[in-house]
2 protein chains.
Amino acid sequence: MGSRELERRVEAARRFNRFYTRQIGLLRRGAYDSPMSLTEVRVLYELAHREQPTATELGRDLDLDAGYLSRILRGFEKRALVTRTRSAADGRRSHLALTATGRKAFAPLDARSHDEVAAMLAGLAPAAQARVIAAMDTIERLLRDGPPPAAAYLLRPPQPGDMGWVVHRHGAVYAREYGYDAQFEALVAEIVARFVQRFDPTRERCWIAERDGTVVGSVFLVARSGTVAQLRLLLVELQARGSGLGTRLVDECVRFARQAGYRKLMLWTQSELRAARRLYQAAGFRVVRKERNHSFGKALVSETWELDL
Amino acid sequence: MGSRELERRVEAARRFNRFYTRQIGLLRRGAYDSPMSLTEVRVLYELAHREQPTATELGRDLDLDAGYLSRILRGFEKRALVTRTRSAADGRRSHLALTATGRKAFAPLDARSHDEVAAMLAGLAPAAQARVIAAMDTIERLLRDGPPPAAAYLLRPPQPGDMGWVVHRHGAVYAREYGYDAQFEALVAEIVARFVQRFDPTRERCWIAERDGTVVGSVFLVARSGTVAQLRLLLVELQARGSGLGTRLVDECVRFARQAGYRKLMLWTQSELRAARRLYQAAGFRVVRKERNHSFGKALVSETWELDL
DNA sequence: GGGAAGTACTTGACAGCGTCAACTATTGAC
DNA sequence: GTCAATAGTTGACGCTGTCAAGTACTTCCC
């Protein structure tokens with residue numbers, strides 16, 4: 001498949017995303033008028049569809065700030081929509097449940113959302129409805145299962161030319177996606193140069209990911225002290241994203257760091273690098289420090305993450 | 001097609017909506033970190049894809065408050081992202097255009113959105129990608145064209161039993177979708193009773209919409225004074241929504257009111273009745289008064305709309 | 001069993017998103 | 001020329017959502 005063909009598909013999918021979000025009115029003002037905000041409605045929805053969830057569970061699944069959620073729940077409690085019962089097993093937790101009033105408040109919101117979708121479908125002939133539903137099912141099934149083969153990547157030590165690739169691709173990808181200026185590429189070059197010059201083969205390492213002979217990712221592990229290692233220069237190329245390569249690169253680093261006897265693994269990143277942050281979080285890293293600064297031609301919030309080994 | 005089957009489809013579509021909005025991360029926090037808010041990004045997107053739009057155009061298409069948009073644009077101007085040039089044809093309007101800086105600020109945002117979609121697709125085998133895109137195309141095409149036959153509704157005068165239907169369905173639909181209590185149904189009954197008792201056949205009218213022998217909608221026109229008429233009890237059943245029936249009922253009212261010699265047509269509604277409000281707006285009505293009140297077991301904002309005939 | 005570290009949740013402070021209503025400048029209809 | 005309508009602006013303000021620090025409880029580890 002040519003990259004022209006992929007490009008055409010990406011554009012088609014983006015067009016669909018715009019069309020569909022407009023169609024279902026997600027961004028429409030006052031889509032849920034009433035005294036409820038969209039977030040409150042989402043919380044109410046989850047409460048109506050779960051058995052005794054805790055606040056933390058809701059916050060995780062809806063991606064809400066714990067403090068914000070706490071206030072929303074207090075509001076619900078004040079309006080007698082939910083009750084909280086302290087968990088017998090763990091006194092810090094509370095189990096939430098909709099009251100009869102809560103279910104009654106949710107019902108019309110749910111009905112309206114239901115009826116909007118029903119009206120959208122009812123406008124179609126039955127045969128067309130069936131086709132739409134089948135198409136939705138196709139999309140959901142294919143995207144949910146994701147990449148079935150989990151593609152065969154080769155992780156290998158660097159070869160001549162690879163260090164240049166790392167500098168080149170960091171420069172290009174970050175300029176394209178985040179607008180970083182040339183200073184960033186220069187910093188990467190400096191890191192790479194120092195890595196090569198002071199390389200300690202027993203305690204440091206670089207992995208290059210390759211697929212079908214093409215380099216598609218990298219990660220470095222460097223020593224900061226006798227007990228602390230640093231993960232650096234994690235990069236996954238566009239065409240390899242979403243396939244678990246990032247997770248594999250981070251895991252490889254963590255495993256090696258443990259084996260090499262480090263007590264702690266740390267890394268620096270920027271708050272805007274969402275995909276990377278998700279990988280670190282999934283691997284068990286925690287943010288220990290944040291700092292506003294201006295680098296690479298942008299105002300950034302840089303973060304230090306740590307993982308105890 | 002049984003209504004059981006439609007119900008199954010509605011549930012399938014709602015499940016897809018939840019899955020897909022989560023998939024494309026619309027509600028994810030900081031989906032667009034950077035100094036831009038989601039709304040600002042949407043405005044920037046429109047600016048990048050249009051020729052010299054005016055602020056009002058953008059506001060209409062993105063459904064934004066004019067004041068809010070004005071401030072966003074001023075912010076963009078201050079950051080030298082856009083230029084405004086007063087329209088030669090109409091001194092009130094300004095034409096907006098991205099500057100080179102503006103295009104440069106938009107590029108990374110666009111690149112990231114592009115790359116996210118690309119990563120989503122790249123995780124699939126080429127054949128699966130093609131199926132997803134084809135399915136998206138199916139959905140978009142069928143929903144965009146909407147109801148091709150524009151279904152044949154019969155509008156007719158009321159027959160025995162219809163007044164009861166109007167009361168019954170108003171009570172049921174508003175209880176279900178908005179949680180109104182029995183007071184609302186009682187009010188409808190009162191309106192209907194008075195309409196029948198004082199009916200003036202030359203200046204008042206009631207239309208009942210029917211499809212395949214089933215009643216699916218209603219609207220009333222009643223005299224308020226010698227020159228002012230009132231539109232009342234507009235209702236469109238779930239299975240007939242999105243097919244233009246609402247528009248047709250309103251149009252019928254307006255046409256009759258003109259013919260009967262009224263100078264003005266007014267109506268009452270609640271701010272939360274979005275679908276109805278859109279119909280009124282499209283027919284040329286304007287809001288002339290709003291008022292907070294507590295009715296039908298809820299805190300409401302009732303509105304008076306008027307149309308000069 | 002006792003201290004340290006971690007987790008569940010709360011609270012105060014605050015930025016900024018988005019709304020509302022009142023305002024100016026201009027246009028267009030009569 | 002008058003009057004209503006439209007494009008856009010501005011001030012005021014509530015509410016959403018974020019951040020950081022706090023409390024109460026649990027778990028880990030020696």
Side-chain angles (χ1 to χ4, degrees), chain A residues 27-43 53-60 62-75 77-78 82 84-96 271 284 286-292 301 303 306-308, chain B residues 27-43 53-60 62-78 82 84-96 271 284-292 301 303 306-308:
Chain A
L27 301 172
R28 207 154 45 207
R29 272 187 297 177
Y32 300 85
D33 344 59
S34 74
M36 297 269 184
S37 75
L38 174 56
T39 308
E40 286 178 311
V41 174
R42 292 171 68 211
V43 172
T54 66
T56 306
E57 259 171 74
L58 291 185
R60 177 172 26 80
L62 295 176
D63 192 24
L64 294 177
D65 177 81
Y68 182 30
L69 181 55
S70 173
R71 258 177 268 267
I72 287 176
L73 291 172
R74 185 148 47 87
E77 215 177 1
K78 205 168 285 174
V82 300
R84 286 194 255 209
T85 49
R86 187 175 250 247
S87 164
D90 184 337
R92 293 166 304 177
R93 286 189 260 184
S94 292
H95 291 289
L96 303 161
S271 67
R286 314 301 301 269
V287 184
V288 295
R289 202 160 44 256
K290 295 189 181 195
E291 202 175 305
R292 269 167 233 284
V301 178
E303 302 176 341
E306 288 186 359
L307 172 70
D308 292 319
Chain B
L27 301 172
R28 209 153 45 208
R29 273 188 298 176
Y32 300 85
D33 343 60
S34 74
M36 295 268 184
S37 76
L38 173 55
T39 308
E40 286 178 312
V41 174
R42 292 171 68 211
V43 172
T54 65
T56 306
E57 259 172 75
L58 291 184
R60 177 174 25 80
L62 295 175
D63 193 23
L64 294 177
D65 177 82
Y68 183 27
L69 181 56
S70 173
R71 258 176 269 267
I72 288 176
L73 290 173
R74 185 148 45 86
F76 282 178
E77 214 177 2
K78 204 168 284 173
V82 300
R84 286 194 254 209
T85 49
R86 187 174 249 248
S87 164
D90 184 338
R92 294 166 303 178
R93 285 188 261 187
S94 293
H95 291 289
L96 303 161
S271 68
F285 284 84
R286 314 304 301 269
V287 183
V288 295
R289 202 160 43 256
K290 294 189 181 195
E291 202 175 304
R292 271 167 232 283
V301 178
E303 302 176 341
E306 288 185 358
L307 173 68
D308 292 320

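Every chain is numbered from 1, with letters handed out A, B, ... down the list of sequences. Everything quoted here is computed from the prediction, not taken from an experiment.
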Open item on the list: Applying a 4.0 Å non-hydrogen cut-off, can you work out what A/Arg84 is touching in the nucleic acid: base, sugar-phosphate, or nothing?
Closed with: sugar-phosphate

Task: Side chain of B/Ser94 - closest among C/dG6, C/dC9, D/dG8 - done: D/dG8

Open item on the list: Please find the pair of heavy atoms, one from B/Leu96 and one from B/Ala55, that lie closest to each other, and give the distance.
Closed with: CD1-N, 3.8 Å

- [ ] Mind calculating the distance between CG (B/Leu307) and P (D/dA4) to the nearest angstrom?
- [x] 17 Å

Open item on the list: How many whole angstroms separate atom CD of A/Glu57 from atom P of C/dT7?
Closed with: 16 Å

Task: Whole-Å distance separating the CG atom of B/Leu38 from the P atom of C/dG16 - done: 17 Å

- [ ] Among B/Ile72, B/Val41, B/Val43, find the one that has a side chain to side chain contact (heavy atoms under 4.5 Å, CB included) with B/Met36.
- [x] B/Val41

Task: Under 4.0 Å protein heavy-atom contact, by nucleotide of nucleotides 23-30 of chain C - B base, S sugar-phosphate only - done: --BBS---

- [ ] Please report, rounded to the nearest Å, how far the P atom of D/dA7 is from the CG atom of B/Leu64.
- [x] 16 Å

TODO: Would you kindly give the CG-to-C1' distance between A/Leu58 and D/dG17, to the nearest whole Å?
DONE: 17 Å

Under 3.5 Å, which protein N or O atoms sit close to an N or O of nucleotides 11-13 of chain C? Give each pair with its distance.
| residue | atom | partner | partner atom | Å |
| --- | --- | --- | --- | --- |
| C/dT11 | OP2 | A/Arg74 | NE | 3.4 |
| C/dG12 | N7 | A/Arg71 | NH1 | 3.2 |
| C/dG12 | N7 | A/Arg71 | NH2 | 3.4 |
| C/dG12 | O6 | A/Arg71 | NH2 | 2.3 |
| C/dA13 | N6 | A/Arg71 | NH2 | 3.4 |

Task: Five-pair end axes of the helix from C/dG1-D/dC30 to C/dC30-D/dG1 and the angle they enclose, rounded to 10° - done: 30°

TODO: State which of C/dA8, D/dT16, D/dG8 makes the closest approach to the side chain of A/Ser37.
DONE: D/dT16

Open item on the list: In whole Å, I'd like the distance from the CD1 atom of B/Ile72 to the P atom of D/dG8.
Closed with: 14 Å

TODO: State the CG-CZ distance between A/Asp65 and A/Arg71, to the nearest 0.5 angstrom.
DONE: 8.5 Å

Task: NE2-CZ distance between B/His95 and B/Arg86, expressed to the nearest 0.5 angstrom - done: 11.5 Å

TODO: State the CG-CG distance between B/Leu69 and B/Asp63, to the nearest 0.5 angstrom.
DONE: 11.5 Å

Task: Value in whole Å for how far the P atom of C/dT10 lies from CG of A/Leu73 - done: 7 Å

Task: Value rounded to 0.5 Å, distance of CG in B/Leu73 from OH in B/Tyr68 - done: 11.0 Å

Task: Straight-line distance of A/Arg60 CZ to A/Thr54 OG1, nearest 0.5 Å - done: 7.5 Å

TODO: Report the distance from atom CE of A/Met36 to atom P of D/dT16, rounded to the nearest whole Å.
DONE: 11 Å

